[in-house]
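Here's the structure we're looking at; comments come further down.
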Amino acid sequence: MSEAGNAQRAATIAVLVENEAGVLARVIGLFSGRGYNIDSLTVAPVDDTGRISRITVVTSGTEMVIEQIKAQLDRLVPVHKVSDLTMEGPHLTRELALIKVVGAGDSRVEALRLADAFRARVVDATTESFVFEMTGAADKIDAFCALMRPLGLAEVSRTGAVAIARGPRGLN
Amino acid sequence: MSAATKPASTDAAQMMSGAEVVLRALKDQGVEVIFGYPGGAVLPIYDALFQQNAIRHILVRHEQAAVHAAEGYARSTGKVGVVLVTSGPGATNAVTGLVDALMDSIPVVCLTGQVPTHLIGNDAFQEADTTGITRPATKHNYLVKKPGDLARVMHEAFYVAKSGRPGPVVIDLPKDILINKAPYTDAPDTPHRSYRPRTEPDGEQIRKAVRLLKAAKRPIVYAGGGVINSGPEASRLLREFVRMTGFPCTNTLMGLGAYPAGDPLFLGMLGMHGTYEANLAMHGCDVMLNIGARFDDRVTGRLNAFSPGSKKIHADIDPSSINKNVPVDVPIVGDAGRVLAALIEAWKAEEAPQDKHVLTSWWRQIDEWRAKDCLRYRQEGRIIKPQHAVKRLFEITQELKRETFITTEVGQHQMWAAQYFGFHQPNRWMTSGGLGTMGYGLPAAMGVQIAHPDALVIDIAGEASILMNIQEMGTLAQYRLPVKVFILNNEYMGMVRQWQELLHGGRYSESYSAALPDFVKLAESFHAVGMRAEHADDLDRVIREMIAIDKPVIADICVAKDENCFPMIPSGAAHNEMILGPDQEGGVAGVTDEGKVLV
């Protein structure tokens with residue numbers, strides 16, 4: 001009703017789902033079918049029996065749209081729990097990236113020096129390339145990739161965000 | 001896990017063929033009738049069907065009709081409708097019916113055949129990615145890949161189809177799963193692992209709602225299909241609540257019958273072709289109680305002008321329906337019947353008195369709107385007005401006191417049926433609301449007639465819609481189903497023609513029903529009775545004869561060709577900008593360019 005209702009916000013949503021065939025297609029289909037944004041999406045089994053998977057989806061929209069996204073996710077049959085980490089208090093978000101930089105000479109040395117400053121680990125090296133592994137918030141990875149671009153950035157592989165609430169509070 | 005606590009599992013289970021597991025599960029779920037069409041992938045089920053008597057199979061002529069028939073069966077009984085089709089084209093033909101059931105929240109379980117598991121993905125003959133295709137067309141779907149999962153999935157599908165907001169569920173059954181031995185287990189008595197929809201409303205929200213309602217000066221109750229889906233008790237509670245409060249009540253297209261037509265507190269249907277009084281009361285109310293309706297665009301008109309001054313209470317079993325289109329002040333998640341029971345109790349417990357005086361002046365205002373008599377039409381001369389045809393059909397069925405069920409196709413005739421046929425009970429009115437599926441009414445009527453063999457079942461149709469599933473006349477003949485097809489024949493896709501007249505300069509592009517069949521001869525060729533009313537003086541006689549004949553009948557009612565369906569809220573307009581009929585003031589000025597974009 002209010003005009004403020006049109007403001008966009010980002011949301012990091014954690015979804016616990018039954019680990020069954022087609023469940024990821026259901027979630028992705030919901031987003032594409034209803035025209036919601038997906039900024040990133042990750043999924044993997046998280047319990048000891050492998051029956052439960054956790055999907056972390058980063059999306060954006062008006063408050064009304066984000067409420068819709070949560071309600072639509074929650075009514076999917078294999079969904080156990082939907083949690084809007086952004087709204088439910090402080091949380092940690094991390095992303096892992098593998099970054100390949102190809103080059104020689106000064107730029108190669110500079111890449112390694114910057115990687116050290118960013119706490120990126122060298123996980124593969126040849127005389128003409130490095131693969132750096134980096135974990136952090138998305139903007140830190142963005143910043144590192146931007147620095148690597150003039151130094152021979154060749155390829156980037158990123159996981160998308162995973163997130164968890166701070167403190168003792170759990171999702172189950 | 002010790003042996004003592006181990007739940008009943010495969011070692012305790014009976015082994016039988018997968019097809020037998022399917023039929024046993026249907027029987028244990030209380031299924032008596034299924035609607036289907038055979039094919040290669042489901043031959044094992046048809047073979048098992050042949051060797052039993054518990055479940056009756058109705059052979060349709062097209063898989064889409066099987067789903068609509070199951071919908072008609074479900075909507076008129078409150079039970080789950082069941083469909084059986086083969087792989088590939090069998091499944092893809094069923095998709096329209098599935099989406100129809102999804103949009104209108106109808107519980108349906110659809111069994112589809114599939115190529116054997118080892119061929120899935122190989123583009124085998126009659127293979128389609130049925131779970132992929134039907135994922136957005138169903139509430140949920142399953143592909144059974146292990147014999148050990150079959151019985152559980154069968155039982156779970158029924159639970160999912162009928163729990164919470166009902167909907168269609170597909171079970172895709174590879175042929176090897178149907179042939180190989182599989183264990184049968186009973187439906188589990190433990191709750192579902194993840195799907196447990198809330199049905200009981202929150203007490204505090206109910207008290208908030210009652211405080212708003214007690215203080216309301218211009219209240220309205222807007223009730224929809226959720227009341228019907230909740231079961232007949234919810235409709236009884238709706239009557240009790242409305243009569244207790246003295247509030248005006250309007251129903252959506254899906255909710256017709258939830259509140260008795262003709263009751264002084266009933267304002268008729270609301271929305272695009274709703275009554276003047278219902279729409280203006282929605283526009284002018286100060287407290288709106290929505291029970292089991294979803295603020296559909298046919299109901300709200302232009303959203304930013306929808307009921308601008310009101311506090312809104314919205315009770316819905318589906319939390320995703322709340323705050324989807326219209327932000328509300330008091331959301332209540334729960335089953336319509338439980339919500340109504342809680343509201344009645346809380347209303348009685350709330351001590352604040354109701355201001356009857358202010359309610360009386362609200363009714364005075366509503367009566368002024370009512371005095372417009374917005375559904376007035378003039379039956380003059382020999383040409384039959386379509387409104388008159390429906391009105392006479394209603395009056396004659398009332399007079400005969402037969403238990404009557406009405407289905408419709410989609411278009412002008414559907415709206416006239418909603419406007420001029422009065423429903424006094426729930427589950428008597430079957431129409432495709434959300435999807436607007438032409439071709440729905442005849443197969444739906446078939447399903448209703450199967451469930452109610454002695455009732456009068458009438459498909460109010462248009463001459464264009466009826467041709468979309470006309471092949472089902474064959475099913476009517478085979479099972480001696482005395483369905484009456486009452487065609488309002490104006491030789492146009494009338495609603496398309498109406499929009500072309502009002503919005504597209506009268507350019508009737510492709511909306512003329514050329515080369516129509518002779519419906520009387522068509523009926524006869526399908527072993528039914530055909531009759532025609534060409535003039536107003538024929539109408540009553542044809543209606544009475546049609547009803548009297550204990551056989552399927554097509555009654556071809558030749559109606560005025562250029563009649564428009566009024567009142568109408570043009571798309572993009574607000575409730576208070578509705579157009580009344582040509583006899584009344586108001587023009588088509590309400591249509592804006594933005595409105596033209598909308599459907």
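Chain A is the first sequence line, chain B the second, and so forth, proteins listed ahead of strands; every chain is numbered from 1.
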Without swapping roles, check the side chain of A:Gln68 against the backbone of B:Ser320 for a donor-acceptor pair under 3.5 Å.
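Checked: pair present.
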If you tally heavy-atom pairs under 4.5 Å against chain A, which of B:Leu143, B:Asn323, B:Asn304 wins?
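Max contact count across the listed options: B:Asn323.
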Could you tell me which of B:Asp318, B:Thr131, B:Val160 has the largest number of non-hydrogen atom pairs under 4.5 Å with chain A?
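When all of B:Asp318, B:Thr131, B:Val160 are compared, B:Asp318 has the most.
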More than 12 heavy atoms from other groups under 6.0 Å of [atom1] on [X]:
{"X": "A:Arg9", "atom1": "CZ", "result": "yes"}
{"X": "A:Lys100", "atom1": "NZ", "result": "no"}
{"X": "B:Arg196", "atom1": "CZ", "result": "yes"}
{"X": "B:Leu119", "atom1": "CG", "result": "yes"}
{"X": "B:Asn122", "atom1": "CG", "result": "yes"}
{"X": "B:Lys311", "atom1": "NZ", "result": "no"}

Heavy-atom distances under 4.5 Å only: say whether B:Arg165 touches chain A with side chain, backbone, both or neither.
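Side chain only.
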Report which part of B:Asp149 has an atom under 4.5 Å of a heavy atom belonging to chain A: side chain, backbone, both, or neither.
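Neither part.
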Any side-chain heavy atom of [X] within less than 4.5 Å of one from [Y]?
{"X": "B:Arg193", "Y": "A:Arg51", "value": "yes"}
{"X": "A:Arg75", "Y": "B:Pro319", "value": "no"}
{"X": "B:Arg135", "Y": "A:Leu30", "value": "no"}
{"X": "A:Leu76", "Y": "B:His140", "value": "no"}

For the residue pair B:Val326 and A:Met64, what are the closest heavy atoms and their distance?
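Of all heavy-atom pairs spanning B:Val326 and A:Met64, the closest is N-CE, 4.0 Å.
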Which bit of A:Ala21 comes within less than 4.5 Å of chain B, counting heavy atoms only: side chain, backbone, both or neither?
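When you check distances to chain B, no heavy atom of A:Ala21 falls under 4.5 Å.
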Sort A:Gln72 into side chain, backbone, both or neither according to what part of it lies under 4.5 angstrom from a heavy atom of chain B.
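Both backbone and side chain.
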I need the residue from A:Asp74, A:Ile69, A:Val79 with the largest number of non-hydrogen atom pairs under 4.5 Å to chain B.
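Answer, by heavy-atom pair count under 4.5 Å with chain B: A:Val79.
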